[in-house]
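Let me begin by presenting the structure, written as structure tokens, before commenting on it.
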Amino acid sequence: MANTLRDKVIALYRKIGDYHYAPVDGNVNGKHFSTNHALTALTFLMNKTQLALGDPGWGKTTGAQVISSLFSGLPFDLYQRLMMKGHPGQYEEKLVARPHFGALSKGDERVVWQGYIGMDALIVDEIKHLPKETQALLLEGIRTGTWTYLNDSIVEGEKPTYFTSNDWGEANGEIMEALADRIAVVIEEKALPPQLDFELADERVKKDLSRPDEAQQCIDELAKNNFQGFKTTL
């Protein structure tokens, strides 16, 4: 039984390979392991920022979602529903918050925060597609742990953050220098042998990590708290 925090971390780490495949390319004292899984788990545990590179469909976003779900205890499908998808049209109201239009019509200035801000881990898919102005807002939230919109702000604190990108170069934009400086870990997801049973891994995720009813309850609770976050512990 996992009694200590170290035991719990090791037990959770050993489960990752059931749900997400990555090359077993690390070796320490004769023990083989996946460096991508280890670095992604350490990113979560140490509240760091990671960039995952690789072609579409190679599991960059899924890996972050699986590990965030395992280590936070939150449903996998909650991380699927509450993440930021990068594209050129993502500006402040889509990234951070928007006015509460019902309250605004009554002359009351209130803010509705974007739900992904309240998660235990921030996941931003295709970071290079975000405009520089939006990346600057993201940087400020990551750097300070505080998110500000209009005259309101919330303090979420330091969190693990995962960026993904489909390419190394600048064909689809680039990460602003100050935000790139926050990236502690860069991994590359590579093509894997076709004999791996990806359908089985998907079935395990749905069976063990996906809890649609609980995910909806979490979203409802976040909404009651104006999408300010909640904390979970190992």
Side-chain angles (χ1 to χ4, degrees), residues 2 6-46 48-81 83-87 120-129 160-175 180 183-212 215 234:
R6 181 176 183 274
D7 292 334
K8 291 179 181 179
V9 168
I10 291 174
L12 290 171
Y13 174 76
R14 287 173 175 167
K15 290 182 180 180
I16 297 171
D18 292 339
Y19 309 113
H20 182 265
Y21 298 128
V24 178
D25 51 4
N27 188 326
V28 174
N29 294 329
K31 294 183 178 180
H32 300 277
F33 63 95
S34 165
T35 54
N36 278 3
H37 286 167
L39 290 170
T40 304
L42 286 170
T43 295
F44 187 95
L45 294 168
M46 299 176 69
K48 298 298 183 180
T49 299
Q50 174 181 285
L51 171 64
L53 298 162
D55 286 346
W58 285 2
K60 302 182 299 298
T61 305
T62 301
Q65 291 168 339
V66 163
I67 288 173
S68 296
S69 175
L70 277 171
F71 280 84
S72 70
L74 295 173
F76 172 84
D77 33 350
L78 185 62
Y79 281 100
Q80 283 188 312
R81 293 174 65 176
M83 74 170 184
M84 175 54 59
K85 295 182 179 180
H87 61 72
D120 277 21
L122 305 178
I123 300 176
V124 184
D125 194 34
E126 290 305 318
I127 179 64
K128 291 185 179 182
H129 290 180
T161 303
Y162 298 98
F163 300 147
T164 73
S165 177
N166 284 341
D167 68 283
W168 287 88
E170 300 178 3
N172 294 315
E174 58 184 1
I175 303 174
I183 297 172
V185 177
V186 179
I187 65 171
E188 181 181 10
E189 294 289 358
K190 302 177 181 179
L192 294 167
Q195 63 266 31
L196 290 174
D197 195 336
F198 293 95
E199 290 186 3
L200 177 60
D202 288 341
E203 289 173 3
R204 288 169 176 164
V205 169
K206 291 176 182 177
K207 178 177 179 291
D208 300 341
L209 303 181
S210 297
R211 303 186 296 278
L234 290 174

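Along the sequence shown, the residues carry numbers beginning at 1.
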When you compare the side chain of [Y] with that of [X], does any pair of heavy atoms fall below 4.5 Å?
X: I67; Y: Y13; result: no
X: Y19; Y: F76; result: no
X: D208; Y: K15; result: no

> Mind checking what makes side-chain hydrogen bond (donor to acceptor under 3.5 Å, both in side chains) contact with S68, not counting sequence neighbours?
Replying inline: none

>> Taking side-chain hydrogen bond (donor to acceptor under 3.5 Å, both in side chains) as the definition, give me every residue that meets it alongside Q50, ordered by chain and number, with sequence neighbours left out.
In response: T40, T43

Short side-chain to backbone donor-acceptor contact, [X] and [Y], under 3.5 Å:
X: D125; Y: T164; value: no
X: H20; Y: Q65; value: no
X: S165; Y: E126; value: no
X: E189; Y: A22; value: no
X: Y162; Y: F44; value: yes

Donor-acceptor pairs under 3.5 Å, side chain of residues 192-205 to any protein atom, not counting sequence neighbours: which ones?
from: D197; atom 1: OD1; to: E199; atom 2: N; distance (Å): 3.4
from: D197; atom 1: OD1; to: L200; atom 2: N; distance (Å): 2.9
from: R204; atom 1: NH1; to: D18; atom 2: O; distance (Å): 3.3

Determine the minimum heavy-atom distance between [X] and [Y], stating which atoms define it.
X: G86; Y: H129; answer: O-CB, 3.4 Å
X: I175; Y: K128; answer: CG1-CG, 3.9 Å
X: P160; Y: D120; answer: CD-O, 3.3 Å

> How many angstroms lie between atom OG1 of T35 and atom NE2 of H37, to the nearest 0.5 angstrom?
Replying inline: 9.5 Å

> Do Y79 and S72 get their side chains close enough for a donor-acceptor pair, meaning under 3.5 Å?
Replying inline: yes

> Is there a donor-acceptor contact under 3.5 Å linking the side chains of K60 and N166?
Replying inline: yes

